[in-house]
Protein chains: 2
Amino acid sequence: MRGKVGPATMREVAERAGVALTTVSRAFSNPDKLSPDTLRRIADASAELQYTVNLSARSLRKRSSGMLLVLLPDIGNPFFSLVLKGIEEGAREGGRVLLIGDTGSDATLADAYAGQLDAGTVDGMILIDGRVPFPHGSPARARLMRAPVVALSEHVDDPSIPFVGIDNRAAGRDVAHLLADLGHRRLGHIAGPAANGLTTLREQGFAEGARERGCDLLGTATGDWSIGSGQAAAADILSWPHRPTAIFAANDEMAIGAVHALAAAGVSVPGELSVVGFDDIDFAAVGSPALTTIRQPRFAMGRAAVEAVTARIEGRTTAEPARILPFERVMRASTGPLGSGQTAAGRG
Amino acid sequence: MRGKVGPATMREVAERAGVALTTVSRAFSNPDKLSPDTLRRIADASAELQYTVNLSARSLRKRSSGMLLVLLPDIGNPFFSLVLKGIEEGAREGGRVLLIGDTGSDATLADAYAGQLDAGTVDGMILIDGRVPFPHGSPARARLMRAPVVALSEHVDDPSIPFVGIDNRAAGRDVAHLLADLGHRRLGHIAGPAANGLTTLREQGFAEGARERGCDLLGTATGDWSIGSGQAAAADILSWPHRPTAIFAANDEMAIGAVHALAAAGVSVPGELSVVGFDDIDFAAVGSPALTTIRQPRFAMGRAAVEAVTARIEGRTTAEPARILPFERVMRASTGPLGSGQTAAGRG
DNA sequence: ATCCCTTATGAAACCGGTTTCATAAGCCGT
DNA sequence: ACGGCTTATGAAACCGGTTTCATAAGGGAT
């Protein structure tokens with residue numbers, strides 16, 4: 001007697017329950033179409049055999065896998081944590097599971113992942129990475145545009161893809177206004193990577209807000225979103241000929257790095273220098289000093305993105321090209337009014 | 001003329017290239033078996049049709065999906081970030097992609113995810129959550145044990161599952177020794193959730209180490225790994241009749257929360273109270289004071305876990321039930337020698 | 001020239017489900 | 001008793017690949 005290999009199949013369940021294969025299939029998809037008696041026999045049989053549906057077979061036939069692909073540049077970035085939780089929850093409610101792709105520094109990797117969309121492995125895709133797979137104008141890109149894809153947090157350079165996120169330019173302006181309201185006139189900026197869309201919008205907004213309030217934007221140091229790059233940027237800023245009295249870092253991690261570097265250099269925050277971050281990650285609240293920042297509704301953003309992509313998958317054409325969510329100022333201890341230790345002209 | 005729907009299939013590529021379906025299949029799996037000429041014709045044809053392999057069909061036939069399921073309790077926890085990067089990288093090198101399941105607080109969710117293993121959706125599973133799916137002794141659990149599953153970071157209560165991680169008990173002991181070496185004699189502990197395996201090991205190790213060095217473990221406050229729970233725990237400890245001179249928090253987030261709460265209460269760290277964390281997450285290095293902690297080789301742990309699960313998938317029976325990686329002390333500014341402001345007897 | 005072996009390709013079975021279409025049974029109204 | 005309609009079930013086609021087995025062509029060795 002040869003042992004059976006692998007898990008039980010529908011055919012085996014059917015045999016055991018004394019019904020046709022078809023009937024078992026229906027028991028799992030349209031139970032109300034069957035007589036209670038048959039249904040119970042099938043339930044018993046599949047319990048005895050510990051039967052589970054083979055999803056590859058199902059998705060092959062149904063042309064739908066029940067999976068959502070999430071593409072992000074760095075799983076390690078704490079900004080994504082709550083966003084992912086939102087996506088995860090929304091996906092689960094829709095009966096779908098998540099495939100997560102970390103595109104990292106390798107740009108071609110996104111292409112590889114995106115291929116899964118074509119390959120039928122996934123039903124839809126959420127792009128948290130601004131870099132859209134495939135070069136502009138390529139056939140692959142064109143096809144991608146027609147698939148259920150949503151851009152989250154960061155705009156992509158293709159207008160046909162719906163966007164979910166905040167108004168980053170407005171947020172950048174708001175930071176400048178916030179600092180101007182505290183009396184600051186000499187501002188500095190720690191930006192993200194140059195190629196990044198968020199970098200551009202936040203920087204432009206910040207510059208715009210500074211101009212509106214008659215502030216001087218003395219300069220911009222460039223980081224890469226990491227804590228370490230924030231430290232380096234702060235060191236850079238301290239070497240500027242004219243030192244700002246307030247700095248806006250384009251994310252919280254760089255801001256935290258900057259605060260650390262400033263403290264190490266003996267510069268008091270906010271006594272000598274105010275620092276504002278962006279995102280309001282968990283650690284922003286418990287630094288010392290606690291970080292003033294712009295809160296993004298991360299969880300809600302995740303939810304909105306799944307909702308949008310699900311709508312497209314199910315053909316409910318939401319004629320909604322963008323969903324802009326509100327951001328929020330969070331005032332904490334890393335900012336203060338222009339103090340006595342500082343002059344409007346700075347240290348010069 | 002009716003328009004074609006959906007992406008191109010192998011049959012269409014074969015037709016266009018003037019070869020048999022079989023040959024196209026081989027062109028994608030065993031290219032060296034074909035003549036250069038045929039290969040080129042197929043390459044051209046599939047490029048023109050923008051053909052991509054349907055992975056559902058492939059995995060149905062091959063009985064392997066090329067996916068790894070990672071089950072963790074909380075994507076938001078920064079401890080996992082580097083671990084996931086390690087897993088991701090290893091999986092990619094093995095030609096596999098990652099399915100990530102956040103089991104959160106819902107214990108039954110793990111069962112749902114684990115069902116995917118049976119369903120053939122995934123080839124293997126990495127459990128970073130100590131709670132193994134399915135109740136002990138159930139047939140489903142038994143079946144799970146036979147599948148390619150590896151426990152990462154936290155032991156599971158089933159000895160048949162290989163483990164990858166550090167020796168948490170030894171690490172807990174090491175923290176006690178570290179503090180004893182600094183002269184501390186009155187210790188406190190902030191533990192993780194009671195049901196958790198890591199909680200137990202670290203706490204037992206810490207108590208053991210304290211005993212070995214003749215230290216008093218004055219008490220244990222319980223948290224849930226979160227920053228907020230660390231703050232609450234610190235407040236609790238300050239209310240103890242006998243205050244310790246050093247605290248060991250079972251992870252960095254609780255330690256950071258504790259440091260914050262202590263600062264808010266006017267207690268200087270490490271002047272009046274030393275604090276040690278666990279994990280060495282990125283933010284540990286840039287707090288003020290920077291956190292003394294135990295570094296886990298997070299990236300290496302991820303790599304080791306994929307390697308182990310891959311070995312099982314591919315049948316290379318690694319007769320290796322556990323892979324224990326080394327941890328490392330990281331001394332920073334949140335600990336100091338028992339100072340003049342403190343007495344060996346504490347404040348009483 | 002004959003036989004054997006290798007190499008390139010094709011026909012058909014197969015993976016495990018879903019879905020369409022057919023059929024049998026049961027019920028109703030006349 | 002009979003035609004028409006609904007309900008429960010089954011047979012077979014189908015999803016898009018992979019794999020086994022067969023076959024034809026080409027190349028030495030004898």
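Heavy-atom basis, side chains included; hydrogens, waters and symmetry copies ignored. As the structure is a computational prediction, the values presented were derived from the model and not from experiment. Naming: A, B, ... by sequence-line order, numbering from 1 per chain.
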Student: Show, in sequence, the C-alpha distance, side-chain angles and deciding distance for A:Asp74 and B:Lys85, and conclude whether the salt bridge (charged side-chain N to carboxylate O under 4.0 Å, His left out) test is met.
Tutor: CA-CA 8 Å; A:Asp74 176 19; B:Lys85 268 216 178 304; 3.2 Å; yes
Student: Starting at the 5' end of DNA chain D, which residue's closest nucleotide do you reach first, B:Asn54 or B:Arg26?
Tutor: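 On the 5' side of the pair lies B:Asn54.
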Student: Provide the closest heavy-atom pair for A:Ser81 versus B:Ile75 in the form atom of the first, atom of the second, distance.
Tutor: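 Nearest heavy atoms, A:Ser81 then B:Ile75: CB-O, 4.2 Å.
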Student: Please report the closest heavy-atom contact between B:Leu71 and B:Met125, naming both atoms and the distance.
Tutor: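 In this case the closest contact between B:Leu71 and B:Met125 is CD2-SD, 4.3 Å.
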Student: Would you indicate what A:Ser35 reaches in the nucleic acid, counting non-hydrogen atoms under 4.0 angstrom: base, sugar-phosphate, or nothing?
Tutor: sugar-phosphate
Student: Are A:Ser35 and A:Asp37 close enough that a side-chain donor and a side-chain acceptor fall under 3.5 Å?
Tutor: no
Student: Using five base pairs at each end, measure the axis-to-axis angle across the helix from C:dA1-D:dT30 to C:dT30-D:dA1 and round it to 10 degrees.
Tutor: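 Here the helix ends are tilted 40° relative to one another.
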Student: Sequence neighbours left out, cut at 3.5 Å: what donor-acceptor pairs do the side chains of residues 18-31 of chain A make with other protein atoms?
Tutor:
unit_1, atom_1, unit_2, atom_2, d
A:Ser29, OG, A:Ser25, O, 3.1

Student: Reading DNA chain C from 5' onward, which residue's closest nucleotide shows up sooner: B:Ala20 or B:Arg61?
Tutor: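 First, find each residue's nearest nucleotide; the 5'-ward one identifies B:Ala20.
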Student: Whether A:Arg11 and A:Glu15 form a salt bridge (side-chain N of Lys/Arg under 4.0 Å from carboxylate O of Asp/Glu) is what I want to check.
Tutor: no
Student: Where is the tightest heavy-atom contact between B:Asp123 and B:Ser65, given as atom of each residue plus distance?
Tutor: OD1-N, 2.7 Å
Student: Base, sugar-phosphate alone, or nothing: which one does A:Arg11 contact when heavy atoms must sit under 4.0 Å apart?
Tutor: nothing
Student: With heavy atoms of chain B within less than 4.0 Å as the criterion, where does contact along DNA chain C begin and end?
Tutor: C:dA8 to C:dG16
Student: Which atom pair, heavy atoms only, marks the closest approach of A:Ile128 to A:Ser153?
Tutor: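 Closest approach of A:Ile128 to A:Ser153, heavy atoms only: CG2-CB, 4.2 Å.
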Student: Identify, between B:Pro36 and B:Lys62, the residue whose nearest nucleotide on DNA chain C lies closer to the 5' end.
Tutor: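 Taking each residue's closest nucleotide, the earlier one in sequence belongs to B:Pro36.
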Student: Across the strands shown, which category fits A:Thr38 at heavy-atom distances under 4.0 angstrom: base, sugar-phosphate, nothing?
Tutor: sugar-phosphate
Student: Once you apply a heavy-atom cut-off of 4.0 Å, does B:Ala57 come out as touching a base, just sugar-phosphate, or nothing?
Tutor: base
Student: Step by step, work out the salt bridge (charged side-chain N to carboxylate O under 4.0 Å, His left out) result for A:Glu12 and A:Arg16.
Tutor: CA-CA 6 Å; A:Glu12 291 163 9; A:Arg16 184 171 197 116; over 6 Å; no
Student: Base, sugar-phosphate alone, or nothing: which one does B:Leu34 contact when heavy atoms must sit under 4.0 Å apart?
Tutor: sugar-phosphate
Student: Is A:Val19 touching bases, backbone alone, or none of the nucleic acid, heavy atoms closer than 4.0 Å?
Tutor: sugar-phosphate
